[in-house]
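Report on the following structure.
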Amino acid sequence: LMTGSELATAAAEGATPIIVISDNGYYGTIRLHQEKAFPGRIAGTRLKNPDFAAWGRAFGALGLTVTTPEEAAEAVDAALAHDGPVVIHAKSSVEAISPFATISGIRAAAARAAE
């Protein structure tokens with residue numbers, strides 16, 4: 001939710017971007033640092049996000065939602081075939097907090113360090 005005006009500009013100017021929004025429902029970077037520095041003391045990182053596919057449709061884009069890995073290929077195919085802007089709302093889990101870390105892995109490392 002830190003950006004979004006780009007889609008309004010793209011629609012106004014006739015651009016045709018494919019925008020993929022990975023939505024795990026959290027401020028991921030902040031949550032990652034909280035998990036590492038303050039295990040068990042997480043605050044202010046959970047988000048109540050809108051339906052980003054509907055948000056895209058509000059600007060005239062094709063809005064798609066992906067909730068499982070199996071749906072991803074079909075959404076990408078539809079996006080590539082569409083002649084206009086596309087928003088793909090990819091819902092994911094907070095467990096995979098970054099490409100290099102999981103919540104359970106961070107917690108396990110913190111538990112080992114506390115021993």
Side-chain angles (χ1 to χ4, degrees):
L1 290 174
M2 294 181 180
T3 64
S5 56
E6 297 88 349
L7 181 57
T9 301
E13 298 299 324
T16 59
I18 297 174
I19 300 167
V20 179
I21 299 171
S22 179
D23 174 13
N24 68 7
Y26 286 85
Y27 284 120
T29 303
I30 297 167
R31 173 73 184 264
L32 174 72
H33 291 295
Q34 288 178 347
E35 289 284 351
K36 287 182 174 183
F38 308 104
R41 294 176 35 208
I42 306 306
T45 58
R46 186 169 177 85
L47 299 171
K48 175 64 178 156
N49 285 330
D51 177 338
F52 287 111
W55 173 81
R57 288 190 294 273
F59 287 100
L62 173 63
L64 305 169
T65 301
V66 172
T67 58
T68 66
E70 295 76 26
E71 296 170 343
E74 183 178 338
V76 169
D77 289 344
L80 293 172
H82 185 68
D83 185 27
V86 179
V87 173
I88 300 174
H89 182 183
K91 295 184 178 186
S92 60
S93 168
V94 71
E95 172 61 18
I97 194 73
S98 83
F100 310 105
T102 62
I103 295 289
S104 56
I106 293 168
R107 290 178 180 170
R112 285 190 303 275
E115 293 176 350

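For residues 93-110, the salt bridge (Lys or Arg N to Asp or Glu O under 4.0 Å) pairs, not counting sequence neighbours, are E35-R107.
For the residue pair D51 and R57, the shortest heavy atom distance occurs at OD2-NH2, 4.4 Å. The two residues P85 and A15 have their closest heavy-atom pair at CD-O, 3.8 Å. The minimum heavy-atom distance between V86 and A61, with the atom names listed, is N-CB, 4.2 Å. Contact between T16 and G84 at its shortest, heavy atoms only, is CG2-CA, 3.6 Å. Contact between A101 and L32 at its shortest, heavy atoms only, is CB-CD1, 4.2 Å. Taking every heavy atom of both residues into account, R31 and Y26 meet most closely at NH1-CE2, 2.9 Å.
The number of heavy atoms from other shown groups lying within 6.0 Å of CG (D77) is above 12. Open room surrounds CD on E74; 12 or fewer heavy atoms of other groups in view lie less than 6.0 Å from it. Counting non-hydrogen atoms of other residues, nucleotides and ligands closer than 6.0 Å to CZ of R46 gives a total of 12 or fewer.
Between I97 atom CD1 and Q34 atom CD the span is 9.5 Å, to the nearest 0.5 Å. To the nearest 0.5 angstrom, I42 atom CD1 is 7.0 Å from I103 atom CD1. Here H89 contributes atom NE2 and S22 contributes atom OG; the two are 8.5 Å apart, rounded to the nearest 0.5 Å.
Linking Ile, Leu, Val, Met, Phe, Trp and Tyr residues whenever their side-chain heavy atoms come within less than 4.5 Å places I88 and L80 in a single cluster. In terms of hydrophobic clustering, with Ile, Leu, Val, Met, Phe, Trp and Tyr side chains grouped at heavy-atom distances under 4.5 Å, V20 and V87 are assigned to different clusters. Taken together through direct or relayed side-chain contacts under 4.5 Å among Ile, Leu, Val, Met, Phe, Trp and Tyr, F52 and L7 form part of one hydrophobic cluster. A chain of hydrophobic side-chain contacts below 4.5 Å, direct or via other Ile, Leu, Val, Met, Phe, Trp or Tyr residues, connects I30 to L47.
The side chain to side chain contact (heavy atoms under 4.5 Å, CB included) search around A78 returns L64, not counting sequence neighbours. Every residue two or more places apart in sequence or in another chain that forms a side-chain hydrogen bond (donor to acceptor under 3.5 Å, both in side chains) with E71 is listed here: T67.
Inter-residue side-chain proximity for I21 and W55 is flagged as met; some heavy-atom pair is nearer than 4.5 Å.
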